[in-house]
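Inspection log for the structure reproduced underneath, given as structure tokens.
A, B, ... follow the sequence lines: proteins, then strands. Residue 1 opens every chain. Just the heavy atoms: all of them, side chains too, but no hydrogens, waters or symmetry mates, feed the values below.
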Number of protein chains: 2
Amino acid sequence: MAVTIYDIAEKAGVGIGTVSRALNNSPHISLRTKEKVQAVITELGYQPHAMARGLAKQKTYTFAVIVPVFTGYFFMEVLRGVQQEVTKAHYDMILYSVDHSDKTDLFLKKVTREKRVDGALLISLGISDVQASACTRLRFPIVLVDSTHPSLDSITVQNRQGAERATSHLISLGHTKIGMIDAQLKSSPAQVRLEGYRDALKKHGLPLDEKYLIISDQIAGQHGFNRESGYLAMKQLLQLGSERPTAVFVSSDIQAAGAVRAISEEGLTIPEDVSLIGFDDIEIAEYLELTTMRQPMFQLGQLGVRRLLERIANPDLERFHRSFDTELVIRQSCGIVTSTN
Amino acid sequence: MAVTIYDIAEKAGVGIGTVSRALNNSPHISLRTKEKVQAVITELGYQPHAMARGLAKQKTYTFAVIVPVFTGYFFMEVLRGVQQEVTKAHYDMILYSVDHSDKTDLFLKKVTREKRVDGALLISLGISDVQASACTRLRFPIVLVDSTHPSLDSITVQNRQGAERATSHLISLGHTKIGMIDAQLKSSPAQVRLEGYRDALKKHGLPLDEKYLIISDQIAGQHGFNRESGYLAMKQLLQLGSERPTAVFVSSDIQAAGAVRAISEEGLTIPEDVSLIGFDDIEIAEYLELTTMRQPMFQLGQLGVRRLLERIANPDLERFHRSFDTELVIRQSCGIVTSTN
DNA sequence: ACCATATTTGGAAGCCCTTCCAAAATTTGC
DNA sequence: GCAAATTTTGGAAGGGCTTCCAAATATGGT
């Protein structure tokens, strides 16, 4: 058996309550005994039993981070931000990865009842109204990152405005035949970015040509935010021949990576034949010389944790919503339309 | 208060022991009562309290995964493999990230005493002899991935052989002035890859020229496996002017990415002016057309978890060591030396 | 020196489960 | 139909901690 609070109490010649007080640096203990107890604690290499403490305190100093199967730089960056704050706050994080977005609710149901965690951070995953209200009813602290729900805290990116600016950027370079490659609309960022694309076209009096809008196929519940689907979508766009768009706004850099490949396979060049603008600014965007809209991924994770900790500390906080600006990062993938076009 | 086992017992008209038996599908319960109890459980939406269960059972169905601050595709891939198996096994994973490799022992010390987890997976992190023997003494299940210790289970990659093959590949293309960019030697893969490099030179009767061997600077406790350090190292190599190596083996793709930049900044081209071979086969290697040694990252994670679960189930297992082969992935970054060279 | 306050202390009760033992219910054998 | 063997059941004890209350000790005022 490992060393317990009773061993410490006995060896230090105090009661177990006193040991507990020394441990939790309670104000109701004299400095002298506290130091005496702490000496014994280090001597025996004692460490409180996390489960016992969690049970007694009804608090686990742990929270759940629920992410879609994390493939991709985006989640990695968000998680880095999460990690940094988690460590700072001396919390632990349990990582759950959801292989199909429909299962999000199941995970949440488990997590909210099991009392293994003090709260949850939901990343890029939607939540049903039923679960959302269950969370508020149970006063279970939860923060959405890169996703929203009217009745919950959320931290997002200005997807609509970002998409609008991306598209407008292409327009400002003289493009009029502007395509969009989007992911499945059941993904909220995909949905909202499409709106931004529409906004921009409308604002500049350009028609929305349905054949220029390609929705990536869903692969393995992943909403199409992947290279393969971007590749396929771009192939489709290029089949339009001379009718093809001169510029394309792609809803994620990873899809744009696939698009780049499709374009070069057709013997075309970027940006001469087709301009490309992405979204995210992931690592490979730099290699691809891809112009893109940068999302503050690290900060999303960071702020998510901070907010969650605040809400854990005080569950009665006002609803909170923060939306980060995106930033246009100009590289080499967008060209100006010359009169010869 | 949430619904407990007592609520279930009362509503089902049975004792608490019976509810527990229904929950853990014990053989000592009749089918009839079991179903009756389960009906009540679903009706009330009961979920066992994880902490209480953990305390009573002395088993948490959770383990720790300890990684260096995970920046980079390598860890992401390993983690994906880990996740997949963890989910399959209905375990939870707590992710700890160590910002400085010296702190590994601290984390382990905490984790082994706290009883929050049933075991730990250590990824790309070394362990001291003291901690290693503490783990065996406490019979704490632990598996090392991408790192080794004589007295613990480990899963690695044949770094030495891989590095030897990478270097030999360059030699077979006719190169004789072959440099190496390595990370800090306190990182075991870095150390071992250097040995492989030496093996290859020796085998082919080539001299080891110290000026061709650059050890990346350590940045933020990260052993130099990053782009910046690769960039700097390559700059240094290129300053040798006409004396510069015609080919370089870089100990990781991410460093190679930095090296690529350094080379192009000098107005040189790959592979005409300098050939490059990396290690890992991370995502951007494809974009860089980088020839490299592929590591089975996903499988490392997968097998790590499997082994850990086996050891948790049976702590008396024989020591285990598995080393994966690397695979040469040939792309465009290595050229043949022509007679004009 | 003595009482009133304030501080510190010990340990019982409780957090929610599992496990074990003894008791109750059921089945089996004849 | 009855005793013996077997299966099923209830619930006390225990896992390691925190918290609370009452008791003990210390402090201060006069």
Query raised in the report: Looking just at side-chain N and O atoms, do Ser188(B) and Ser147(B) make a donor-acceptor pair shorter than 3.5 Å?
Result: no

Report task. Report yes if at least one side-chain N or O of Arg21(A) is closer than 4.0 Å to OP1 or OP2 of dT9(C); otherwise report no. Result -> no

Query - Nucleotide dG14(D), atom C1' - distance to CZ of Arg53(B) in whole Å - result: 17 Å

Query raised in the report: Counting just side-chain N and O atoms, does Tyr46(A) come under 4.0 Å of either OP1 or OP2 of dC17(D)?
Result: yes

Report task. Send over the distance from Asn24(A) CG to dT18(D) P, rounded to a whole Å. Result -> 4 Å

Query raised in the report: What nucleic acid atoms does Ile29(A) come within less than 4.0 Å of, heavy atoms only: base, sugar-phosphate, or nothing?
Result: sugar-phosphate

Query raised in the report: Does the side chain of Thr18(B) get closer than 4.0 angstrom to OP1 or OP2 of dT9(D) through an N or O atom?
Result: no

Query raised in the report: Whole-Å distance between dT7(D) P and Arg32(B) CZ?
Result: 18 Å

Query raised in the report: Hey, is the side chain of Ser20(B) poking within less than 4.0 Å of OP1 or OP2 on dT19(C), counting only N and O atoms?
Result: no

Requested in this report: Let me know the distance between CD1 of Ile5(B) and C1' of dT19(C), rounded to the nearest Å.
Outcome: 11 Å

Query raised in the report: Would one find a side-chain N or O of Ser30(B) under 4.0 angstrom from OP1 or OP2 of dT26(C)?
Result: no

Query raised in the report: Of all the nucleotides listed (dG10(C), dG16(D), dC17(C)), which has the minimum atom distance to the side chain of Val14(A)?
Result: dG10(C)

Requested in this report: Test the Arg322(A)-Phe320(A) pair against the cation-pi criterion, namely NZ or CZ under 6.0 angstrom from the six-membered ring centroid and within 45° of the ring axis.
Outcome: no

Query raised in the report: Within the structure, does a side-chain N or O atom of Gln58(B) lie under 4.0 Å from either OP1 or OP2 of dT19(C)?
Result: no

Query raised in the report: Which residue lies toward the 5' end of DNA chain D, Ala52(B) or His28(B), if each is placed at its nearest nucleotide?
Result: His28(B)

Requested in this report: Would you list the pairs meeting salt bridge (Lys or Arg N to Asp or Glu O under 4.0 Å) in which at least one residue belongs to residues 27-46 of chain B, sequence neighbours left out?
Outcome: Lys11(B)-Glu43(B)

**Report entry** Salt bridge flag under 4.0 Å for residues Arg319(B) and Asp153(B)
**Finding:** no

Report task. Rounded off to whole Å, could you give me the CE-to-C1' distance for the Met51(A) and dT18(C) pair? Result -> 15 Å

Query raised in the report: If you draw the axis of the six-membered ring of Tyr61(A), does the NZ or CZ of Lys59(A) fall within 45° of it and under 6.0 Å from the ring centre?
Result: yes

Requested in this report: Scan Thr4(B) against the nucleic acid and name what it touches under 4.0 Å (heavy atoms): base, sugar-phosphate only, or nothing.
Outcome: sugar-phosphate

**Report entry** Of Tyr6(A) and Val19(B), the one whose closest DNA chain D nucleotide lies more 5'
**Finding:** Val19(B)

Report task. Go through dT9(C), dC16(C), dG16(D) for me and flag the one nearest to the His49(B) side chain. Result -> dC16(C)

